[in-house]
Amino acid sequence: MTDLNGRHIVLGLSGGIACYKAAELCRALVKHGATVQVVMTEAAEQFITPVTMQALSGRPVFTSQWDARTSGGADNNMPHINLSREADAILVAPASADFMSKLLHGRADELLSLMCLARPLDKVPLILAPAMNREMWAHPATVRNVAQLREDGATVLDVGAGDQACGETGDGRMLEADELLYEMTRFFTPKLLAGQQVLVSAGPTFEAIDPVRGLTNLSSGKMGFAIARAAHEAGAHVTLVAGPVSLPTPRGVGRINVKSALNMQKTLNVLAQNASVFISTAAVADWRPATEADQKIKKDGSGEVPTLSFLENPDILAGIAAGSRAASGQLFCVGFAAESHDLLAHASAKRARKGVPLLVGNIGPDTFGQDDNALLLVDAQGATELPRASKLQLARQLVAEIAKRLPPHAAR
Ligand code: C5P
């Protein structure tokens with residue numbers, strides 16, 4: 001819960017109904033370790049009061065460039081300088097169409113725009129979360145302004161689609177507080193996987209017996225989903241191939257749902273052709289029923305039980321690791337091993353058997369369905385332990401370990 005520890009964020013509010021989301025956002029930023037200084041325009045005060053924002057940020061709110069209170073520890077009556085100098089980033093949420101057009105022209109007739117203009121460009125990034133009616137968002141003037149603001153160095157986030165306060169439906173909603181929190185966390189994450197195409201498999205597979213029954217396992221998919229998120233935070237383009245799990249898709253990650261091992265193999269084999277990293281966390285069933293009945297197998301009251309026979313599923317990871325892209329160093333493959341004991345020995349043997357440069361071992365019964373885990377990384381150099389932590393923290397550490405091991409010529 002401390003992704004933003006030590007970060008000081010100036011949260012600017014310009015006028016728009018999305019100001020109501022800024023309250024939740026402020027709370028989330030503080031909860032995740034940031035200190036937040038709120039600055040509001042006069043228009044923003046029409047939608048939410050500084051009292052609310054002060055209570056949630058734990059700091060007095062600034063609304064005027066003439067505010068003589070001490071700011072940033074200085075008594076020089078220059079809040080636009082003092083507040084911006086101490087910020088790690090300025091996030092304007094909501095950024096109205098009017099406010100963005102002001103920024104574009106370098107206008108500075110109130111504290112928030114003045115502060116944005118006065119910020120040191122190379123030290124204090126500006127992040128804008130637009131919020132407006134769909135027609136305003138689609139207007140050529142706004143499209144032009146957004147493009148120019150990006151050119152001028154601002155990060156303009158995308159917008160959500162859906163019902164708007166005006167009663168219309170379309171693009172232009174400000175991102176939700178949890179999405180903005182994610183964007184801020186991602187913003188501050190070193191881009192160790194920039195340019196990488198990362199493919200992650202996750203979850204169990206489901207091997208059908210008949211149209212209503214099947215065999216599966218207890219994999220929750222949480223580790224794989226956390227890795228997909230961490231890779232995206234680190235700047236990769238990420239595709240997640242997921243077996244049947246009901247986890248939400250990490251923001252910015254492309255997801256393809258599959259069911260059986262054979263479905264998963266077909267999908268992964270195609271996607272691996274364009275990937276530079278493949279992280280195989282899926283708990284693929286070792287066997288599948290030799291036949292899948294077209295109709296539900298009925299209990300007929302005779303006490304007779306059906307007999308199932310099985311076929312072995314293909315080893316998806318070993319197949320991809322034996323392919324030409326992996327052999328030529330264009331694709332770095334990472335395997336997982338869920339064991340119950342002797343982790344180092346089993347993980348080392350599995351690394352050799354799968355033909356992958358990096359194998360990540362964990363104790364299955366200790367982690368299935370849990371939010372935390374402990375990992376043992378085994379590569380040609382030996383073993384590295386990642387002690388028990390949340391799956392997201394471990395995923396971030398694993399991403400850093402993978403980045404260290406990527407060949408310098410891998411697609412970036
Ligand atoms: O052989 P085992 O199932 O223990 O190996 C685990 C690793 O191999 C994981 O990375 C898993 O995703 C992958 N695997 C696979 N295809 C299988 C079985 C496992 O890709 N049929």
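Read the numbers this way: they start at 1 and go in the same order the structure lists the ligands and their atoms. Being a predicted model, the structure only gives us computed values, none of them experimental. No hydrogens, no waters, no symmetry mates; every other heavy atom, side chains included, goes into these values.
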Asker: Run Gln196 and Ile402 through side chain to side chain contact (heavy atoms under 4.5 Å, CB included) and show every step you take.
Answerer: CA-CA 11 Å; Gln196 300 290 342; Ile402 291 171; over 6 Å; no
Asker: What short N/O contacts, under 3.5 Å, does ligand 1 make with the protein, listed by atom pair and distance?
Answerer:
{"unit_1": "ligand 1", "atom_1": "1 (O)", "unit_2": "Lys354", "atom_2": "NZ", "d": "3.0"}
{"unit_1": "ligand 1", "atom_1": "4 (O)", "unit_2": "Lys350", "atom_2": "NZ", "d": "2.3"}
{"unit_1": "ligand 1", "atom_1": "5 (O)", "unit_2": "Lys354", "atom_2": "NZ", "d": "3.0"}
{"unit_1": "ligand 1", "atom_1": "8 (O)", "unit_2": "Lys354", "atom_2": "NZ", "d": "3.0"}
{"unit_1": "ligand 1", "atom_1": "10 (O)", "unit_2": "Ser280", "atom_2": "O", "d": "2.6"}
{"unit_1": "ligand 1", "atom_1": "10 (O)", "unit_2": "Ser280", "atom_2": "OG", "d": "3.4"}
{"unit_1": "ligand 1", "atom_1": "10 (O)", "unit_2": "Phe336", "atom_2": "N", "d": "2.8"}
{"unit_1": "ligand 1", "atom_1": "10 (O)", "unit_2": "Phe336", "atom_2": "O", "d": "3.3"}
{"unit_1": "ligand 1", "atom_1": "12 (O)", "unit_2": "Ser280", "atom_2": "O", "d": "3.3"}
{"unit_1": "ligand 1", "atom_1": "12 (O)", "unit_2": "Ser280", "atom_2": "OG", "d": "2.6"}
{"unit_1": "ligand 1", "atom_1": "12 (O)", "unit_2": "Ala282", "atom_2": "O", "d": "2.6"}
{"unit_1": "ligand 1", "atom_1": "16 (N)", "unit_2": "Ile316", "atom_2": "N", "d": "3.0"}
{"unit_1": "ligand 1", "atom_1": "20 (O)", "unit_2": "Ile316", "atom_2": "N", "d": "3.4"}
{"unit_1": "ligand 1", "atom_1": "20 (O)", "unit_2": "Leu317", "atom_2": "N", "d": "2.8"}
{"unit_1": "ligand 1", "atom_1": "21 (N)", "unit_2": "Pro314", "atom_2": "O", "d": "2.8"}

Asker: Salt-bridge test for Arg107 and Asp98: reply yes if a basic N is under 4.0 Å from a carboxylate O, no otherwise.
Answerer: no
Asker: Any luck finding a side-chain donor-acceptor pair between Ser113 and Glu110 under 3.5 Å?
Answerer: yes
Asker: Residues in side-chain contact (heavy atoms from CB on, under 4.5 Å) with Arg85, at least two apart?
Answerer: Ile81, Pro120
Asker: Which class fits the ring pair Tyr182 and His232: parallel under 30°, tilted 30 to 60°, perpendicular over 60°?
Answerer: parallel
Asker: So is Arg7 actually on top of Phe188's ring, under 6.0 Å and inside 45° of the axis?
Answerer: yes
